[in-house]
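Notes follow once the structure below has been shown.
Nothing fancy with the numbering, it's 1 onward along the sequence.
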Amino acid sequence: MPERVDWNHYFMNIAKEVATRSTCPRKHVGAVIVRDRRILSTGYNGSLTGLPHCNEVGCEMEGGHCIATVHAEANAILQAAMNGVRIDGGQIYTTASPCWNCFKLIANAGLTAIFFAEFYREERIRDYAGRMGIQLFEIS
């Protein structure tokens with residue numbers, strides 16, 4: 001019988017599956033927000049609701065970044081808000097560590113920990129997370 005996966009890998013595996021819904025070919029990212037070992041919300045990076053996706057019409061590039069997509073972490077927070085789900089005190093699992101703007105959303109949403117599979121670009125989140133008491137965990 002296979003060994004039972006621990007909670008952190010369980011939620012990260014789900015975030016990886018959520019990422020398969022991503023519509024920006026530049027990077028597929030998935031996010032899962034959890035509290036008390038219960039999934040509260042998920043999100044993946046994709047275009048604004050109702051608009052064509054990058055994989056259909058191409059990316060809209062500015063400064064080396066696609067600006068057409070809403071990031072996975074932001075979409076997970078928005079999905080919770082749209083459904084009236086309280087996420088403060090929860091944790092987020094994301095396939096790539098958040099950009100600066102998503103980190104600010106995570107912090108102000110009251111999430112207490114960020115679990116990520118890959119560190120992606122934004123070094124200052126380490127300093128700010130420490131200053132704000134947000135824990136960072138890399139799950140390989």
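With values rounded to the nearest 0.5 angstrom, Arg37 atom CZ is found 9.0 Å from Asn8 atom CG. Between Lys16 atom NZ and Asn13 atom CG the span is 6.0 Å, to the nearest 0.5 Å. To the nearest 0.5 Å, atom OG1 of residue Thr49 and atom CE of residue Met82 are 6.5 Å apart. Rounded to the nearest 0.5 angstrom, Tyr128 OH and Ile106 CD1 are separated by 15.5 Å. Rounding to the nearest 0.5 Å places CD of Glu123 at 12.5 Å from CH2 of Trp100. Summarising the geometry, atom CD1 belonging to Ile92 is positioned 8.5 Å from atom OG belonging to Ser41; distances are rounded to the nearest 0.5 Å.
Between Pro52 and Ser47, the closest heavy-atom pair is O-OG, 3.0 Å. Looking at every heavy atom in both residues, Ile87 comes nearest to Ala80 through CG2-CB, 3.5 Å. Shown here for Phe103 and Ala129, the closest heavy-atom pair between the two residues is CZ-N, 3.6 Å. When every heavy atom of Ala96 is checked against every heavy atom of Lys27, the shortest pair comes out as CB-CE, 4.0 Å. Across Cys102 and Glu73, no two heavy atoms sit closer than the pair SG-OE1, 3.6 Å.
Checked by atom type and distance alone, the side chain of Thr42 never pairs as donor or acceptor with a backbone atom of Ala31 at under 3.5 Å. With Thr95 contributing its side chain and Gly30 its backbone, the two residues share a donor-acceptor pair below 3.5 Å. For Ser22 (side chain) and Tyr44 (main-chain N/O), no donor-acceptor pair under 3.5 Å exists by modelled atom type. Not one N or O on the side chain of Thr69 forms a donor-acceptor pair closer than 3.5 Å with the backbone of His71. Judged by distance alone, the side chain of Thr94 and the main-chain N or O of Phe116 form no donor-acceptor pair under 3.5 Å.
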With side-chain contact (heavy atoms from CB on, under 4.5 Å) as the criterion, how do Gln91 and Phe11 come out once you've worked through the C-alpha distance, each side chain's angles and the decisive distance to 0.1 Å? CA-CA 10 Å; Gln91 302 81 38; Phe11 293 124; over 6 Å; no
Between Ile14 and Glu17, does the side-chain contact (heavy atoms from CB on, under 4.5 Å) criterion hold? Intermediate values first, please. CA-CA 5 Å; Ile14 293 170; Glu17 187 65 27; 5.5 Å; no
Steps toward side-chain contact (heavy atoms from CB on, under 4.5 Å) verdict (Asn45, Asn75): CA-CA 7 Å; Asn45 56 323; Asn75 272 327; 5.7 Å; no
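Val29 and Ile139 fall into different hydrophobic clusters, where Ile, Leu, Val, Met, Phe, Trp and Tyr are joined by side-chain heavy atoms under 4.5 Å apart, directly or via other members. Cluster annotation: Met132 is connected to Leu111 through the hydrophobic network of ILVMFWY side chains, with a link wherever side-chain heavy atoms come within less than 4.5 Å. Under the 4.5 Å side-chain contact rule for hydrophobic residues, Ile114 and Ile33 share a cluster. Taking hydrophobic clusters as Ile, Leu, Val, Met, Phe, Trp and Tyr residues chained together by side-chain heavy-atom distances below 4.5 Å, Val18 shares a cluster with Val34. Under the 4.5 Å side-chain contact rule for hydrophobic residues, Tyr93 and Phe119 do not share a cluster.
Within a 6.0 Å radius of CZ in Arg35, more than 12 heavy atoms belonging to other residues, nucleotides or ligands are found. Within a 6.0 Å radius of CD in Glu118, other residues, nucleotides and ligands contribute more than 12 heavy atoms. Within a 6.0 Å sphere centred on CD of Glu62, other residues, nucleotides and ligands contribute 12 heavy atoms or fewer. By the 6.0 Å contact criterion, CG on Asp36 is open, its count of non-hydrogen atoms from other residues, nucleotides or ligands being 12 or less.
Between Asn55 and Thr23, the side chains place no donor N or O within less than 3.5 Å of an acceptor N or O (distance only, hydrogens not considered).
Classification of the Tyr10-Trp7 ring pair by plane angle, with boundaries at 30° and 60°, yields perpendicular. Taking the six-membered ring for Trp and thresholds of 30 and 60 degrees, Phe115 and Phe137 have nearly parallel ring planes, at less than 30 degrees apart.
Two residues are said to be in side-chain contact when any heavy atoms from C-beta on lie closer than 4.5 Å; Arg126 and Leu136 meet this criterion. Using a 4.5 Å heavy-atom threshold, the side chains of Cys59 and Pro25 count as touching.
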